[in-house]
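The structure displayed is predicted, hence computed values, not measured ones. Letters A, B, ... are given to chains in the order of the sequence lines, protein chains preceding strands, and every chain is numbered from 1.
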Amino acid sequence: MTSVTAAAGDAARWQEVRGPVLRQAASVGIATGAYGLSFGALATTSGLTVTQACALSVLTFSGGSQFALIGVLGSGGSIVSGSGSAVLLGARNMLYGARLAAPLHLVGWRRAVGAQLVIDESTAVALGAEDRGDRAARLGFWATGVAVFVLWNLATLIGAVAGTAIGDPRDYGLDAAVPAAFIALVAPRLRSLPSWLTAVAATAVALAVVPVVPAGVPVLLAALVPVLAVLVFKERAQ
Amino acid sequence: MTWAAILLTSAGCYVLKLAGLLVPRHWLEQPTVARVAALLPVALLAALAAIQTFADDTRLVVDARLAGVAAAVVALLLRAPFLVVVAVAAGTAAAVRALG
């Protein structure tokens, strides 16, 4: 009897967690996926075929890396410099994967498939949901990853076929929607002085290095803020 | 040639993503690593939000995105739900662009 009531309580609580996480996944998925239109259009104007543009979106599935590659190839750069800068841009995904490994604890084919979905947006929603449990983090990761994957690839195809005839996602303010979503995800975590200091310092580091390092690297350097904070305060404590 | 670049980039990006997920669990459970991991989401989310608000490739710019994000912060302070926050950001940025 008690366990039935407890199970019903768990189910009710899960309902309260699931709805908001799915709404976050959907809105982030739409705002980010729409950029596939820009990518598809730019890819074909840079000389890629429609098939190549779509293959890049399915196989690489990392917006920044894809834009970097077609940028270098379009301006006549070599395979090595194009792929090199694209892969460098994807280095932050390794950090995301390491941070997500524990809450997601993926094994076997789920890890092989899930790895492809490790991107800014799925990481952001998963980490935003994490304080409501690993199950919420997993839902956030998979729902956001799949939503972005489907919409990004669909939009790439449409953009590659239609070219620049389709409007710019920026006309709809979608470039402001994604950072706003990230702020809404971080806001509930800003409850203590250390978390505020971390947020401010990470923001300052990221923005300070934007002009001097390749795109994609600022987020990696911002990740050094908590590393330094923990090391410094550990030494002081001793 | 283009296909070689596509496959090379895709392989490199996938290996990095998978490598992160393969980090051994006992390593992540070390106290120092665990403390870094606890603060990492705030650092990553704040940095991503800042970059996506101000960065244009390797330049910092102030444009309609900032207006959208500022409106979203006001909506957050007014305890608006997530979808409203995101919609306010998009609507404000779109309006500023249409007017500008």
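- In this structure, chain B has a heavy atom under 4.5 Å from the side chain of I119(A), while its backbone stays farther away.
- Only the side chain of L76(B) comes within contact range of chain A, with at least one heavy atom under 4.5 Å from a heavy atom of that chain.
- Put simply, of P179(A), A202(A), G128(A), the one with the most heavy-atom pairs under 4.5 Å next to chain B is P179(A).
- Both the backbone and the side chain of A199(A) come within less than 4.5 Å of a heavy atom in chain B.
- For a residue to count as touching a neighbouring chain, one of its non-hydrogen atoms must lie under 4.5 Å from one of that chain's; by this rule R99(A) touches chain B with the side chain only.
- Of the atoms belonging to L73(A), it is side-chain heavy atoms, and not backbone ones, that fall under 4.5 Å from chain B.
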Report the C-alpha separation of L207(A) and F54(B) in whole Å, then their side-chain angles, then the decisive distance to 0.1 Å, and conclude whether the side chain to side chain contact (heavy atoms under 4.5 Å, CB included) test is met.
-> CA-CA 8 Å; L207(A) 292 180; F54(B) 293 104; 4.0 Å; yes
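- Heavy-atom distances place both the backbone and the side chain of A112(A) under 4.5 Å from chain B.
- Atoms CG and NZ, from L100(A) and K17(B) in turn, are 12.5 Å apart once rounded to the nearest 0.5 Å.
- Residue L28(B) touches chain A through its side chain alone, counting heavy-atom pairs closer than 4.5 Å.
- Here the side chains of S10(B) and T60(A) are in contact, with some heavy-atom distance below 4.5 Å.
- Side chains of L44(B) and L95(A) form a contact here, defined as non-hydrogen atoms less than 4.5 Å apart.
- Residues F82(B) and V28(A) have side chains in contact (heavy-atom distance under 4.5 Å, counting atoms from C-beta outward).
- Classification of R97(B) and D175(A) as a salt-bridged pair holds, one side-chain N sitting under 4.0 Å from a carboxylate O.
- Within the 4.5 angstrom heavy-atom criterion, no atom of L66(B) approaches chain A.
- Of the possible donor and acceptor atoms, none in the side chain of Y14(B) sits under 3.5 Å from a partner among the backbone N and O of F61(A).
- Contact check for L231(A) versus T32(B): side-chain heavy atoms found under the 4.5 Å cut-off.
- In the displayed structure, R170(A) atom CZ is contacted under 6.0 Å by at most 12 heavy atoms of other residues, nucleotides or ligands.
- Proximity to chain A (any heavy atom under 4.5 Å) is restricted, for L83(B), to the side chain, taken from C-beta onward.
- Put simply, of T51(A), I183(A), I79(A), the one with the most heavy-atom pairs under 4.5 Å next to chain B is I79(A).
- Only the backbone of R59(B) comes within less than 4.5 Å of a heavy atom of chain A; no side-chain atom from C-beta onward does.
- Contact count versus chain B (heavy atoms, under 4.5 Å) is highest, among R189(A), H105(A), E130(A), for R189(A).
- Around atom CH2 of W196(A), no more than 12 heavy atoms belonging to other residues, nucleotides or ligands sit under 6.0 Å away.
- Only the side chain of L190(A) has a heavy atom closer than 4.5 Å to any heavy atom of chain B.
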